[in-house]
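Have a look at the structure below, then the notes.
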Amino acid sequence: MASRGVMVALLLAAVAASCAHAQLQEKFYSATCPSVEEVVRKEMVRALSLAPSLAAPLLRMHFHDCFVRGCDGSVLLDSANKTAEKDAKPNLTLRGFDFVERVKAAVEKACPDTVSCADVLALIARDAVWLSKGPFWEVPLGRRDGSVSMSNDTKVLPPPTANITKLTQMFAAVNLDIKDLVVLSAAHTIGTSHCFSFSDRLYNFTGMDNASDIDPTLEPFYMEKLKSKCASLDDNTTLVEMDPGSFKTFDLDYFKLVSKRRGLFHSDGALLTNEFTRAYILRHATGGFKEEFFADFAASMVKMGNADVLTGSQGEIRKKCSVVNH
């Protein structure tokens, strides 16, 4: 009887999770805030016309939100004692929080107490990709905002140093499979990174901390170019383009770079060590399947956006994204 009770409990939990995801709807605000996407896009067009490099950080913010406690806007919360998600090491390089607040204020003006910060962030991420010449997709909406944000929870964020085994495990924890992993990794086609996120590949790959202690999987000419930009392990300020030459454009160049062993992070190079991810990279490195990749990316983004969402009466609709309502 005990085992049957456990099975029933698991079944009910699965059904509840499925129902939560099912409550996300593309036209969720059609009656309560029909202008929400227009409001968000107007702010995005204005911001990216002035600072196109902001697209990648805003997309990254959505990733970091969804991987920790699900897509509940918890990455946006402030903490008086600096113990929130945004205060953790993996999130110290995130930027765009003030802009998210500006977008949320515009949405509040149009539709008070209606649209969650989690949904605003999901729409911002979609428009960041689309306005960078990437794919467009309909964003299922109806997320509610969480009230808990803890820096220790960010340990579940996939680090740039992860190998394929670790990456697969961390993506699986948010219901993303091996295809989602390689597809979403291509978000590195836009944006920049600080040297400290990959400089161990250049100077301290095995812990010896000398000029010859390099990552042998990194293409030598590319390594030398990176060394010319990142002079040492102590460089904490220099930014490097993740997709040199087109880091503001969402395209397939990421796959070309990785196929030539010029992926910036160890996690990029790790994709060549798995049969499926390697085949996907080599296929799209040809540049001949843009529509297929764009469709894959859109599907994986929708899937990620379903991660452990709060819906219905769960959570709240924050007035300001940085603080809970009460």
Side-chain angles (χ1 to χ4, degrees), residues 16-44 47 57-79 84-86 91 94-130 136-150 153-154 174-175 298 301-326:
S18 176
C19 289
H21 292 172
Q23 288 180 42
L24 295 186
Q25 303 169 20
E26 293 174 2
K27 304 300 181 182
F28 185 82
Y29 297 110
S30 60
T32 57
C33 190
S35 65
V36 59
E37 296 198 37
E38 180 183 348
V39 172
V40 172
R41 186 159 305 123
K42 182 178 179 180
E43 294 294 330
M44 286 293 291
L58 293 172
L59 175 59
R60 183 170 174 241
M61 195 182 295
H62 182 47
F63 279 118
H64 283 222
D65 183 38
C66 290
F67 268 81
V68 183
R69 307 187 73 87
C71 310
D72 67 345
S74 55
V75 73
L76 304 170
L77 285 170
D78 286 339
S79 169
E85 290 174 33
K86 64 169 59 173
N91 287 335
L94 289 180
R95 63 188 181 93
F97 291 107
D98 289 343
F99 173 72
V100 174
E101 288 288 11
R102 186 159 70 246
V103 177
K104 172 62 172 173
V107 172
E108 281 294 303
K109 184 177 180 180
C111 315
D113 305 314
T114 303
V115 183
S116 68
C117 293
D119 276 349
V120 167
L121 188 53
L123 289 170
I124 284 174
R126 188 271 309 278
D127 285 354
V129 172
W130 182 61
F136 181 90
W137 62 93
E138 294 292 342
V139 179
L141 300 167
R143 299 167 189 80
R144 305 269 291 182
D145 295 322
S147 58
V148 177
S149 184
M150 301 173 61
D153 289 343
T154 61
V174 288
N175 197 37
M301 286 295 293
V302 170
K303 188 175 176 181
M304 184 187 75
N306 276 338
D308 294 326
V309 293
L310 302 175
T311 59
S313 61
Q314 299 171 317
E316 64 180 6
I317 304 296
R318 284 186 229 138
K319 292 286 290 184
K320 290 185 63 177
C321 293
S322 58
V323 294
V324 296
N325 291 341
H326 47 77

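Keep in mind that the numbers below use all heavy atoms, side chains included, and drop hydrogens, waters and symmetry copies.
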Exercise. Test L24 against N306 for side chain to side chain contact (heavy atoms under 4.5 Å, CB included), laying out the working first.
Key: CA-CA 8 Å; L24 295 186; N306 276 338; 2.9 Å; yes
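- Under the 3.5 Å distance criterion, the side-chain polar atoms of E108 are matched with a main-chain donor or acceptor of D113.
- Checking side-chain atoms of K104 against main-chain N and O of V115 turns up a donor-acceptor pair under 3.5 Å.
- Residues E37 and V40 fail the side-chain proximity criterion, which asks for heavy atoms closer than 4.5 Å.
- For the pair D153 (side chain) and V68 (backbone), a donor-acceptor distance under 3.5 Å is absent.
- When the salt bridge (charged side-chain N to carboxylate O under 4.0 Å, His left out) test is applied to D119, the partners found at least two apart in sequence or on another chain are R143.
- The ring pair (Phe, Tyr, Trp, His ring centres under 6.0 Å) check on W130 picks up F136, with sequence neighbours excluded.
- Although no hydrogens or angles enter the test, the distance criterion places a donor-acceptor pair under 3.5 Å between the side chain of D65 and the main chain of G73.
- Looking only at side-chain heavy atoms (C-beta outward), M44 and L58 come within less than 4.5 Å of each other.
- Counting heavy atoms from C-beta on, the side chains of L123 and L141 come closer than 4.5 Å.
- Side-chain atoms of S30 do not come within 3.5 Å of backbone N or O of F28 as any donor-acceptor pair.
- Side-chain atoms of D145 come within 3.5 Å of backbone N or O of A118 as a donor-acceptor pair.
- Between D308 and D72 there is no side-chain heavy-atom pair separated by less than 4.5 Å.
- When side chains are defined from C-beta on, K86 does not count as touching L94, because their heavy atoms never get closer than 4.5 Å.
- Side-chain contact between M61 and I124 is absent, with no heavy-atom pair separated by less than 4.5 Å.
- Residues R102 and E43 have side chains in contact (heavy-atom distance under 4.5 Å, counting atoms from C-beta outward).
- With sequence neighbours excluded, the residues satisfying side-chain contact (heavy atoms from CB on, under 4.5 Å) with V323 are K320.
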Practice problem: Before giving the answer on side chain to side chain contact (heavy atoms under 4.5 Å, CB included), spell out for M301 and H62 the whole-Å C-alpha distance, their side-chain angles and the decisive distance to 0.1 Å. | Solution: CA-CA 10 Å; M301 286 295 293; H62 182 47; 3.8 Å; yes
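- Under a 3.5 Å cut-off, the side chain of R318 and the backbone N or O of L77 do not form any donor-acceptor pair.
- Within the 4.5 Å cutoff, side-chain heavy atoms of W137 are placed close to those of V129.
- A side-chain donor-acceptor contact under 3.5 Å links E101 to the backbone of S322.
- When atom types are taken as modelled, the side chain of S74 and the backbone of S149 share no donor-acceptor pair closer than 3.5 angstrom.
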